[in-house]
There are 2 protein chains.
Amino acid sequence: MAFVADGTRTRLSAVERRNQLVEVGRAVFAEKGYEAASVEEIAERAKISKPVVYEHFGGKEGLYAVIVDREMEYVIEQISTAIAEGTPRERVEAASLAFMRYVKERPSGFAVLSRDAPVTTGLSNLLAEVAHRVGNVFRAEFKRAGYDARTAPLYAQALIGMVTFVGQWCIDNTRMSPDEAASHVAALAWMGLRHLPEKPELLGG
Amino acid sequence: MAFVADGTRTRLSAVERRNQLVEVGRAVFAEKGYEAASVEEIAERAKISKPVVYEHFGGKEGLYAVIVDREMEYVIEQISTAIAEGTPRERVEAASLAFMRYVKERPSGFAVLSRDAPVTTGLSNLLAEVAHRVGNVFRAEFKRAGYDARTAPLYAQALIGMVTFVGQWCIDNTRMSPDEAASHVAALAWMGLRHLPEKPELLGG
DNA sequence: CTCGTAGGTTACTCAACCGTAGGTAGTGGC
DNA sequence: GCCACTACCTACGGTTGAGTAACCTACGAG
């Protein structure tokens, strides 16, 4: 995969071209969002003409779908690995750390995923699913506090939300390393879970 | 403000028309996002022709700006009021509750705000600012745990992230009331803050 | 050498949509 | 009952951008 920007119009194999287009496309979609991004610009940045994109991906939607798919795959893999073993607390920490590192390492991919709501929701649900299947990380805490299974996805959403927002903040403010941010997030999340009161009463208003 | 959809082409005053267009526009922008939304559709849904929109708001961007501005104003006001007084814990609960209710009551406004990243970031910062000025809600907890002020915005971001994601989840899953969801979020957030360890060590990896 | 094919290009069509020019009808003041 | 003004309309220009048709060219196999 050597599509350096050295001016010379290199002729790439189909696979290489696909990979390049996925990378370039990810960058463009991340910058402008799906609607505002144009196939022309993607082609231009890749130093090819538009029909090539159509040749490989069928169109704008096709390219976008592949990009999102690969990115989801990647994130899920990172988190799944991180969460695979250890005590519940270690899992929370590892997952948080993995996500923050992902955000730092692939900001454009993160931007694409977090830009459209359906994808984000899907990601959250998928992670909740992963968490559930891999080891039921929160079950012990829930059980202790007497919560029913109905609330589990809520807490999963809350965790993803925390990590996502702090991740974005971390990109904007380069003052704090992802690792340090991850520690804070993990601490907040874990301590919150650990000390959940029994059936918090509804609040008046 | 009585622009009922009764078929008859009512002639509205400037103020009424503006209000109507803000509402209709909010709905359309919420559904499609800024780029995909069209002035034509907004005009169509409002049962008027396109130039009217340009007359009142100068263009697509102008209308969008007004919508976002009003929405921000509204949210900030809700949260500010909620967070104005009480113990720190009560403030966290009240803020969480206020936000969840907002999400439930004005889903389209919430969608507009949460759709574009800059606005969301701005909102978070603004809320952090509000929290800071109104009473330094977290200061006591931070001080106890020995954190510096640099980490405060991180926790603000985390809280907004939690509430935002759970809010979205609450819209999609009508199974849980905003009030109940707010209790859970507040409990998680508060317990997390309350039990922050002293300087969580960095995690290996 | 030549021929087939994979990789790439130019040059278009068609539709959507932002924004505007210029004209029309209801309505309040006097 | 006329005047002026406000609200609103039809109809268009110009641009952008998705998607396609038809043609071109490097290059390895035989």
Side-chain angles (χ1 to χ4, degrees), chain A residues 1-68 112 115-116, chain B residues 1-68 116:
Chain A
M1 205 201 307
F3 42 88
V4 279
D6 64 346
T8 63
R9 298 220 165 178
T10 2
R11 231 175 134 84
L12 300 184
S13 78
V15 178
E16 287 172 323
R17 190 60 82 192
R18 274 180 73 92
N19 288 335
Q20 180 209 16
L21 285 176
V22 165
E23 281 192 32
V24 173
R26 191 173 53 221
V28 175
F29 282 127
E31 277 177 34
K32 318 222 167 181
Y34 178 78
E35 299 291 340
S38 81
V39 176
E40 304 222 37
E41 178 169 356
I42 293 170
E44 197 177 333
R45 285 208 209 173
K47 295 187 191 300
I48 53 164
S49 66
K50 212 169 27 154
V52 176
V53 178
Y54 286 85
E55 190 62 34
H56 284 293
F57 299 97
K60 193 181 181 181
E61 279 195 70
L63 174 57
Y64 185 74
V66 171
I67 290 170
V68 168
V112 170
R115 252 181 190 276
D116 72 25
Chain B
M1 204 200 307
F3 42 87
V4 280
D6 63 347
T8 62
R9 298 220 167 179
T10 4
R11 222 178 142 85
L12 300 184
S13 77
V15 179
E16 287 174 322
R17 191 60 82 192
R18 274 181 73 93
N19 288 335
Q20 179 209 18
L21 285 177
V22 165
E23 282 193 32
V24 173
R26 190 173 54 222
V28 175
F29 283 126
E31 276 178 34
K32 319 221 168 181
Y34 178 78
E35 300 290 342
S38 81
V39 176
E40 304 223 35
E41 179 170 356
I42 293 170
E44 198 177 332
R45 285 208 210 173
K47 296 187 191 299
I48 53 166
S49 67
K50 212 173 20 157
V52 176
V53 179
Y54 286 85
E55 190 63 34
H56 285 292
F57 299 97
K60 193 181 182 181
E61 277 195 74
L63 174 57
Y64 185 74
V66 171
I67 290 170
V68 168
D116 72 26

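Only heavy atoms go into these numbers, but all of them, side chains included; no hydrogens, no water, no symmetry mates. To find a chain, count down the sequence lines: A is the first, B the second, and so on, and within it residues start at 1.
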Distance col, row B:Arg18:CZ vs B:Glu55:CD, nearest 0.5 angstrom, shows 11.0 Å
With distance as the sole test, does A:Arg26 use its side chain to make a donor-acceptor pair with the main-chain N or O of A:Ile67 at under 3.5 Å?
no
From A:Gln20 CD over to A:Lys47 NZ, what is the distance, rounded to the nearest 0.5 angstrom?
9.5 Å
CD of A:Glu35: more than 12 outside heavy atoms within 6.0 angstrom?
yes
Using atom NE2 of A:His56 as one end and atom C1' of C:dT9 as the other, report the distance to the nearest whole Å.
14 Å
Take the angle between the ring planes of A:Phe29 and A:Tyr64 and call it parallel below 30°, perpendicular above 60°, tilted in between.
perpendicular
Any ion pair linking A:Glu41 and A:Lys32 (charged N to carboxylate O, less than 4.0 Å)?
yes
Taking only side-chain N and O atoms of B:Arg17, does any of them lie within less than 4.0 angstrom of OP1 or OP2 on D:dC8?
yes
Figure out the CZ/C1' separation between B:Phe29 and C:dC17, and round it to whole Å.
13 Å
For atom CZ of B:Arg11 and atom C1' of C:dG26, their distance in whole Å
4 Å
Can you list the steps and then say if B:Leu21 with B:Ile48 is a side-chain contact (heavy atoms from CB on, under 4.5 Å)?
CA-CA 10 Å; B:Leu21 285 177; B:Ile48 53 166; 3.9 Å; yes
Rounded distance [0.5 Å steps], CD in B:Glu40 versus NZ in B:Lys60:
11.0 Å
Reading 5' to 3' through nucleotides 13-20 of chain D, protein heavy-atom contacts under 4.0 Å coded B for base, S for sugar-phosphate only, - for none:
----BBBB
Options D:dC9, C:dG7, C:dT9, nucleotide nearest the side-chain atoms of B:Ile48:
D:dC9
Looking for any heavy atom pair under 4.0 Å, which part of the strands does A:Val52 touch: base, sugar-phosphate only, or nothing?
base
What integer distance in Å separates B:Phe57:CZ from D:dC8:P?
12 Å
Measure CD/B:Glu55 against C1'/D:dC5 and give the value in whole Å, please.
12 Å
Value in whole Å for how far the P atom of C:dC17 lies from CD of B:Glu44
11 Å
For DNA chain D, what string of dots and brackets results from 5' to 3' when Watson-Crick and G-U pairs need both distances under 3.5 Å, crossing pairs get [ ], and pairs with another strand get |?
||||||||||||||||||||||||||||||
Got more than 12 heavy atoms from elsewhere within 6.0 Å of CD, B:Glu31?
yes
Between C:dT9 atom C1' and A:Leu12 atom CG, what is the distance in whole Å?
15 Å
Euclidean distance, atom CZ of residue A:Arg18 to atom P of C:dG8 [Å, nearest integer]
13 Å
